[in-house]
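Only one structure is covered here, and it is reproduced in the block below.
So that the names make sense, note that chain A is the first sequence line, chain B the second, and so on, each numbered from 1.
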Protein chains: 2
Amino acid sequence: MSKHQKEMALLKEHLGKHQLKYTRQRELILDAFLKQEHITAEELYHQLSRKDPHLGLATIYRTLNLFCEAGLAQARHFGTQTQYDNVSHKGHHDHLICTECGKIVEFENCDIERLQEEVAARNGFVIKTHRLELYGLCSRCQH
Amino acid sequence: MSKHQKEMALLKEHLGKHQLKYTRQRELILDAFLKQEHITAEELYHQLSRKDPHLGLATIYRTLNLFCEAGLAQARHFGTQTQYDNVSHKGHHDHLICTECGKIVEFENCDIERLQEEVAARNGFVIKTHRLELYGLCSRCQH
DNA sequence: AAGCTAATTGAAATGGGTTATCAATTTCAA
DNA sequence: TTGAAATTGATAACCCATTTCAATTAGCTT
Ligand SMILES: [Mn+2]
Ligand SMILES: [Mn+2]
Ligand SMILES: [Zn+2]
Ligand SMILES: [Zn+2]
């Protein structure tokens with residue numbers, strides 16, 4: 001039995017509602033995707049090329065966009081590429097990015113998260129997701 | 001006398017420090033840029049094409065990137081394009097975005113800004129800019 | 001003012017990431 | 001099993017942005 005029953009059920013529900021089909025490729029991509037916290041289309045393509053050399057890059061892109069529509073993934077434009085976040089991973093995090101060397105540090109800060117909720121509430125919003133990126137210089141690049 | 005003395009001085013200071021030159025094109029682009037709150041390179045190109053049909057798009061891009069380095073502008077990847085924010089126009093602010101109707105609320109929260117600095121310091125970073133976007137449903141779209 | 005040198009420019013080519021096209025294949029309901 | 005509709009993979013097209021390069025220009029230095 002697969003480890004990702006819940007996510008697979010979610011996907012199949014979406015497929016059913018939209019007259020879409022459950023294909024071998026979608027199953028393959030789903031399994032690989034759910035093992036990651038976040039990944040780019042290109043990275044996933046290289047991983048899966050070993051298992052199935054005929055899998056096309058376009059299919060990866062199409063399927064990741066499908067996952068976004070089904071609520072399994074969340075696209076995040078990161079620099080020049082798009083990162084697809086695995087929503088089922090609970091550990092939400094934000095990013096510190098060095099604009100000089102490209103170093104990326106992930107962090108979580110619940111105080112910030114709480115203040116975000118307060119700002120939203122004050123404006124009548126209910127937050128579903130958010131994005132916080134801090135750009136600057138890492139310790140090595142400050143000199 | 002120009003309306004944008006302060007920004008022009010800032011730019012000239014940056015130019016001086018980096019052996020760069022004050023050109024007719026840079027002056028033209030600066031004037032047009034400072035009239036906007038935020039704009040894309042393409043939009044600026046179309047605006048200026050009327051005044052100077054020979055101005056190249058590459059020059060617009062180069063100059064907007066220069067403005068970013070001089071601290072006059074701030075690049076923000078928004079969807080597929082890059083928005084260049086006029087820093088002098090409105091100061092820094094973040095965004096609440098309704099994913100249903102597209103409504104955007106601007107906000108500023110110094111507690112969050114302070115916590116961001118703490119996170120950065122803890123990781124040895126010095127922040128130059130940041131980006132915080134909260135996605136959710138506005139009061140009208142929650143029903 | 002004229003000369004010199006390095007920076008800048010515009011046109012065009014190039015680049016990277018993503019989406020569109022389309023004939024062949026596959027899914028799945030009837 | 002059959003057939004209509006969705007999907008796939010290869011490739012071309014796209015979009016935005018940067019790079020290239022020969023010609024021009026800015027701004028010192030005589
Ligand atoms: Mn967060
Ligand atoms: Mn802010
Ligand atoms: Zn660095
Ligand atoms: Zn709304």
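Using modelled atom types, one finds a donor on one side chain and an acceptor on the other under 3.5 Å when comparing Q47(B) with Q36(B). Under the 3.5 Å distance criterion, with hydrogens and angles disregarded, a donor-acceptor pair is assigned to the side chains of E106(A) and H38(A). Using modelled atom types, one finds a donor on one side chain and an acceptor on the other under 3.5 Å when comparing H93(A) with E37(A).
Side-chain nitrogen and oxygen atoms of Y61(B) include none within less than 4.0 Å of the OP1 or OP2 phosphate oxygen of dT18(D). The side chain of T59(A) places no N or O atom within less than 4.0 Å of a non-bridging phosphate oxygen (OP1 or OP2) of dT7(D).
Across the protein-nucleic acid pair, D52(A) atom CG and dT7(D) atom C1' stand 14 Å apart, rounded to whole Å. Here the C1' atom of nucleotide dA17(D) and the CD atom of Q83(B) are 15 Å apart, to the nearest Å. Between the CD1 atom of I60(A) and the P atom of dA20(C) there is a distance of 17 Å, given to the nearest Å. Rounded to whole angstrom, the span from the CD atom of E43(A) across to the P atom of dG16(C) amounts to 16 Å. When the C1' atom of dT25(C) is taken as reference, atom NE2 of H54(A) falls 14 Å away, rounded to whole Å. Here the C1' atom of nucleotide dC14(D) and the CD atom of Q81(B) are 13 Å apart, to the nearest Å. Whole-Å rounding puts the L64(B) CG to dC16(D) P distance at 15 Å. Between the CD atom of E69(A) and the P atom of dA6(D) there is a distance of 15 Å, rounded to whole Å.
Checking dT19(C), dT18(D), dT7(D) against the side-chain heavy atoms of N65(A) singles out dT19(C) as nearest.
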B/S/- contact track for nucleotides 21-30 of chain D, protein heavy atom under 4.0 Å: -----BS---
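Proximity of the aromatic rings of F67(B) and Y84(B) is defined here by a centroid distance below 6.0 angstrom, and this criterion is not met.
Nucleotide dA12(C): paired with dT19(D) (Watson-Crick or G-U wobble, both distances less than 3.5 Å).
Side-chain atoms of Q142(B) come within 3.5 Å of backbone atoms of L137(B) as a donor-acceptor pair (strictly under, hydrogens ignored).
One finds the CG atom of L34(B) at 5.5 Å from the CG atom of N86(B) (value rounded to the nearest 0.5 Å).
Taking hydrophobic clusters as Ile, Leu, Val, Met, Phe, Trp and Tyr residues chained together by side-chain heavy-atom distances below 4.5 Å, Y135(B) does not share a cluster with V126(A).
Taking the nucleotide of DNA chain D with the nearest heavy atom to each of L15(A) and T40(B), the more 5' of the two is matched to L15(A). Annotation: of the two residues near DNA chain D, G56(A) and Y84(B), the 5′-most nearest-nucleotide partner is G56(A).
Across all strands shown, L55(A) has heavy atoms under 4.0 Å from sugar-phosphate atoms exclusively, and none from any base.
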